[in-house]
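Lettering of chains follows the sequences in order, A, B, ..., and the numbering in each one begins at 1. The structure presented is a predicted model; accordingly, all values stated were derived computationally and were not measured.
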Amino acid sequence: MRLKRSLYIGELNKNFIDREVIVSGWVLRRRDHGGVIFIDLRDKTGLLQVVFEEGIDPQIHDLADSIRIEYVISVKGKIRKRPPGMENPKIPTGDIELVASDVEILNTSKTPPFPLDEDISEVSEAIRLKYRYLEMRTLDGLKPFVFRHKVNQTIREFLNSQGFLEIETPYLTKSTPEGARDYLVPSRLYPGKFYALPQSPQLFKQILMVAGVDKYYQIVRCFRDEDLRADRQPEFTQLDMEMSFVEEKDVMQMVEELIAYLFEKTLGITLRTPFPVFSYETALRDYGTDRPDIRFDMKLKDISSIAKETSFKVFRSALDSGGIVKGLKAPSHFSRKELDDLTKFAQELGAKGLAWIKYTKTAASFEEKWSSPIVKFFEKSALEKLEEIFDTSDEKATFFFVADKEDIANLVLSELRKHLAQNLGLISEKTYSFVWIVDFPLFEWDDEEDRWISMHHPFTHPKEEDIEFLETDPAKVKSKAYDLVLNGIEIGGGSIRIHRRELQERIFKLLKITPEEAEEKFGFLLTALEYGAPPHGGIAFGLDRLIMLMLGKKSIREVIAFPKTQRAQCLLTGAPAEVKIEQILELHLLPGWEKKKEKS
RNA sequence: GGGGCUGUAGCUCAGCACGGUUAGAGCGCCUGCCUGUCACGCAGGAGGCCGCGGGUUCAAGUCCCGUCAGCCCCGCCA
């Protein structure tokens with residue numbers, strides 16, 4: 001490299017006029033006027049117009065003539081004030097330019113597969129991922145990653161100041177039976193044995209509490225071999241935290257301070273704390289989901305008691321088979337086609353249908369207020385009760401009802417609620433609405449496995465007052481768990497953990513984990529609990545999700561440098577890929593590996 | 001495992017319902033001209049396995065079946 005960079009483009013301003021500088025970067029655009037060639041040079045800090053004039057040095061001018069888009073060059077020259085009227089107000093360096101006296105072409109470039117000088121969000125994601133480095137090289141391409149870097153630093157800054165210790169935990173660890181599918185890593189030294197990549201550092205951080213660390217955090221990669229979504233990657237990053245000698249409120253308060261600090265420092269947004277707290281039961285009752293989006297109202301209402309009084313068979317039969325009738329009110333009327341589409345939307349989520357009633361507050365008579373194929377099944381008193389239950393302050397409204405089993409009604413209506421709010425423009429995009437969900441049930445019944453399973457994970461502490469019901473009425477037992485939800489997306493979840501071996505063993509027993517299995521899978525934890533484990537609890541955040549929401553992105557792939565596709569491939573590297581047979585043999589992955597080993 | 005959308009030039013897309021000459025557009029690319037442009041301009045040019053395989057047909061980018069890939073969703077999972 002003959003011409004060594006003297007500064008970044010972003011550092012340049014009028015004060016540099018008449019000074020000689022060397023800048024290095026990529027050619028964004030070039031405008032060849034024959035006798036004069038303009039090149040817009042880009043580095044990660046900005047854009048600068050470089051001028052090659054024929055009169056100054058014909059040789060340099062010829063070299064500039066061969067320069068193409070995305071060539072990597074260093075240019076030496078004097079900064080000059082642009083001639084009057086030639087300024088470009090669109091860029092920060094628009095009132096100056098670099099008059100090239102020397103240029104070094106450090107590398108050529110093929111023509112990029114997509115233009116790097118304009119908005120590339122229209123380019124298909126597959127191509128962007130294959131050439132991720134080109135996407136990142138564009139003017140704003142690094143923005144999400146600069147932001148992410150800042151988030152990480154701010155989190156560390158805050159937690160360090162609070163006395164937290166960042167400690168790394170292993171990636172090659174032990175498979176655990178509960179939770180998601182594990183990614184397995186075959187052991188070369190122990191034929192037939194496997195490491196698992198961690199779904200989270202859960203057990204390690206608990207053991208760190210036993211070790212007296214007191215406050216731990218880690219920004220850590222986690223791995224789960226499940227199907228992907230816009231907000232789910234097989235490897236993702238958690239902000240993992242754990243604290244000793246704490247109750248729920250201590251963790252929640254620490255988190256609120258952290259989140260408030262983070263939003264203030266990185267987005268300049270002052271959040272109102274404490275965040276609202278909903279019980280699991282309330283969330284399900286009012287929103288149909290344990291991750292409610294509370295940026296808008298439109299609460300769900302149980303109208304089973306009204307439905308019971310109607311002659312509408314669909315409602316009656318749902319109630320007779322133990323279901324419920326639940327509904328919501330949208331502040332608008334809908335066309336027949338829109339109603340058909342909404343019905344289809346509901347059916348795709350599992351509803352048998354979607355009942356609706358159009359409501360016009362200012363109609364001439366009571367009867368004319370109500371319009372629907374099903375309104376004939378309703379007595380006047382039933383309609384009056386609807387008016388009462390739903391606050392009918394809107395001029396026009398439409399009631400939607402789902403009659404089904406409770407969980408289906410809740411699922412369908414919660415999705416419908418989001419869908420309608422989005423379409424009706426009820427959601428203000430710039431709002432950040434946090435809400436805590438607490439008082440989760442400790443267990444949920446799993447029909448397939450015919451046993452209770454942990455709603456959170458098996459190490460979650462039951463509410464003290466419910467411990468006595470563990471064996472007699474597991475459904476009644478609530479947990480010391482808490483989820484943090486932002487704009488309808490779960491961004492974090494945690495709990496106070498069990499810190500006594502006896503209680504942990506009781507839970508395992510309830511989960512139909514035999515003592516032998518418990519010893520084999522979690523023996524190290526049980527042993528640790530016996531050596532003076534302090535009360536402790538913590539939380540883990542989906543950091544990718546949080547950053548996605550902070551940046552208003554629709555997918556966590558936008559905030560991950562090299563993400564996987566929905567089919568879990570890396571389009572850049574081509575992973576997963578086949579490996580040499582030798583590698584497979586060495587890992588004892590083929591049938592008959594034991595024999596092969598004996599022979600060798 | 002299931003449902004939906006998409007796949008045509010380097011990129012973004014039209015053409016497909018109703019099969020029929022040589023498959024188009026914009027941007028980009030190449031060559032030439034041009035000393036003040038900044039999405040420079042002007043003139044000329046190159047560039048296509050219409051995702052892949054099979055079928056129907058005199059004839060398929062267009063119709064049918066299968067398959068692959070990307071995205072969104074359900075299940076699963078956080």
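For Lys110(A) and rC29(B), the shortest distance from a side-chain N or O to OP1 or OP2 is not below 4.0 Å. The phosphate of rC72(B) has OP1 or OP2 within less than 4.0 Å of a side-chain N or O from Arg557(A). Contact annotation: Arg31(A) side-chain N/O to rG41(B) OP1/OP2 distance is not under 4.0 Å. At the phosphate of rG10(B), neither OP1 nor OP2 sits under 4.0 Å from any side-chain N or O atom of Thr111(A). In this structure, Ser124(A) does not reach the rC11(B) phosphate: none of its side-chain N or O atoms is under 4.0 Å from OP1 or OP2.
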For nucleotides 76-78 of chain B, which of its nitrogen or oxygen atoms have a protein nitrogen or oxygen under 3.5 Å away, and what is each distance?
| unit_1 | atom_1 | unit_2 | atom_2 | d |
| --- | --- | --- | --- | --- |
| rC76(B) | O2' | Glu226(A) | OE1 | 2.6 |
| rC76(B) | O2 | Arg232(A) | NH2 | 3.1 |
| rC76(B) | N3 | Arg232(A) | NH1 | 3.1 |
| rC76(B) | N3 | Arg232(A) | NH2 | 2.7 |
| rC76(B) | N4 | Arg229(A) | NH2 | 3.4 |
| rC76(B) | N4 | Arg232(A) | NH1 | 2.9 |
| rC77(B) | O2 | Arg232(A) | NE | 3.1 |
| rC77(B) | O2 | Arg232(A) | NH1 | 2.7 |
| rC77(B) | N3 | Arg232(A) | NH1 | 3.0 |
| rA78(B) | O5' | Arg224(A) | NH1 | 3.1 |
| rA78(B) | O4' | Arg224(A) | NH1 | 2.3 |
| rA78(B) | O3' | Glu490(A) | OE1 | 3.3 |
| rA78(B) | O3' | Glu490(A) | OE2 | 3.0 |
| rA78(B) | N6 | Gln233(A) | N | 3.2 |
| rA78(B) | N6 | Gln233(A) | O | 2.9 |

Set out, in order, the CA-CA distance, both residues' side-chain angles and the distance that settles side-chain hydrogen bond (donor to acceptor under 3.5 Å, both in side chains) for Asp57(A) and His61(A), then state yes or no.
CA-CA 6 Å; Asp57(A) 185 339; His61(A) 190 268; over 6 Å; no
Trace of the ring-ring contact (aromatic ring centres under 6.0 Å, His included) decision for Phe434(A) with Phe263(A):
CA-CA 12 Å; Phe434(A) 289 89; Phe263(A) 271 65; 5.4 Å; yes
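rC71(B) and rG32(B): their C1' atoms are spaced 44 Å apart (whole Å). rG61(B) and rC16(B) have their P atoms separated by 14 Å, with the value rounded to a whole Å. Between rG75(B) and rC18(B), the two P atoms lie 37 Å apart (nearest whole Å). Only the C1' atoms considered, rG70(B) is 30 Å distant from rU56(B), to the nearest whole Å. Spacing of C1' atoms, rA59(B) relative to rC42(B), comes out at 44 Å, to the nearest Å. Annotation: rC33(B) and rC50(B) have their P atoms spaced 37 Å apart (nearest Å). Using P as the reference atom, rA78(B) and rA39(B) are 50 Å apart when rounded to the nearest Å. The separation of rC13(B) from rU8(B), taken at their C1' atoms, amounts to 9 Å, rounded to a whole angstrom.
The partner of rU37(B), taking Watson-Crick or G-U wobble pairs whose two distances both stay under 3.5 Å, does not exist in any strand shown. Across all strands shown, rU31(B) is found opposite rA43(B) as a Watson-Crick or G-U wobble partner, with both distances under 3.5 Å. The partner of rU56(B), taking Watson-Crick or G-U wobble pairs whose two distances both stay under 3.5 Å, does not exist in any strand shown. Nucleotide rG24(B): paired with rC13(B) (Watson-Crick or G-U wobble, both distances less than 3.5 Å).
No engagement by Glu348(A) is indicated, since no non-hydrogen atom pair under 4.0 Å with the nucleic acid exists. The residue Glu97(A) sits close to a base: some heavy atom pair falls under 4.0 Å. Using a 4.0 Å heavy-atom criterion, one finds that Ile69(A) contacts the sugar-phosphate atoms exclusively. Nucleic acid contact for Pro83(A): base, since at least one base atom lies under 4.0 Å from a heavy atom of the residue. At a threshold of 4.0 angstrom between heavy atoms, the contacts of Ile127(A) are confined to the sugar-phosphate backbone, with no base atom among them. Gln202(A) comes within 4.0 angstrom of nothing in the nucleic acid, heavy atoms only. Asp225(A) comes within 4.0 angstrom of no nucleic acid atom, judged by non-hydrogen atoms across all strands.
In this structure, Leu543(A) and Asn152(A) have side chains that are in contact, with non-hydrogen atoms separated by less than 4.5 Å. Taking the side chain as every heavy atom from C-beta outward, Arg545(A) and Phe236(A) never approach each other to under 4.5 Å. Counting heavy atoms from C-beta outward, Ile96(A) and Phe16(A) have side chains that stay 4.5 Å or more apart. No side-chain heavy atom of Asp450(A) sits under 4.5 Å from any side-chain heavy atom of Lys512(A).
Regarding Phe52(A), its CZ atom lies at a distance of 19 Å from the P atom of rU37(B), rounded to whole Å. Per the geometry, CZ belonging to Arg567(A) stands 10 Å off P belonging to rC71(B), to the nearest Å. Rounded to an integer number of Å, the gap from Glu122(A) CD to rC71(B) C1' is 14 Å. Glu125(A) places its CD atom 15 Å from the C1' atom of rC5(B), with the value rounded to the nearest Å. In this structure, Arg29(A) places its CZ atom 15 Å from P of rC27(B), rounding to the nearest Å. If you take CD of Glu70(A) and C1' of rC11(B), they are 15 Å apart, rounded to a whole angstrom. Atom CD in Glu87(A) sits roughly 12 Å away from atom P in rU37(B) (whole-Å rounding). Put simply, CD1 on Ile120(A) is 11 Å from C1' on rC11(B), counting in whole angstrom units.
Each of rC11(B), rA39(B), rC74(B) was ranked by its minimum atom distance to the side chain of Lys90(A); first place goes to rA39(B). When each of rU37(B), rC72(B), rG10(B) is scored by its nearest atom to the side-chain atoms of Met86(A), the top-ranked nucleotide is rU37(B).
Ring planes of Phe114(A) and Tyr131(A): perpendicular class, angle over 60° (limits at 30 and 60°). Between Tyr280(A) and Phe440(A), the two ring planes are tilted [angle within 30° to 60°].
At a cut-off of 3.5 angstrom, counting only N and O atoms as typed in the model, there is a donor on one side and an acceptor on the other between the side-chain of Arg80(A) and the base of rG36(B). Looking at Glu118(A), its side chain has no donor and acceptor atom pair within 3.5 Å of the base of rG28(B). A donor N or O paired with an acceptor N or O is found under 3.5 Å between the base of rC38(B) and the side-chain atoms of Arg82(A).
A stacked arrangement is assigned to His33(A) and the six-membered base ring of rC40(B), with a centre-to-centre distance below 5.5 Å and an interplanar angle below 30°. Residue ring and base: Phe114(A) does not count as stacked with rC11(B) (centre distance below 5.5 Å and interplanar angle below 30° not both satisfied).
Not less than 6.0 angstrom separates the ring centroid of Phe400(A) from the ring centroid of Phe345(A).
Considering all non-hydrogen atoms of both residues, Thr45(A) and Ile9(A) come closest at OG1-N, 3.4 Å.
Screening Arg497(A), Gln206(A), His461(A) against His536(A) for a side chain to side chain donor-acceptor pair (under 3.5 Å) leaves a single residue, Gln206(A).
Residue Pro115(A) is the one, among Ala230(A) and Pro115(A), whose nearest nucleotide of RNA chain B lies closer to the 5' end (criterion: closest heavy atom).
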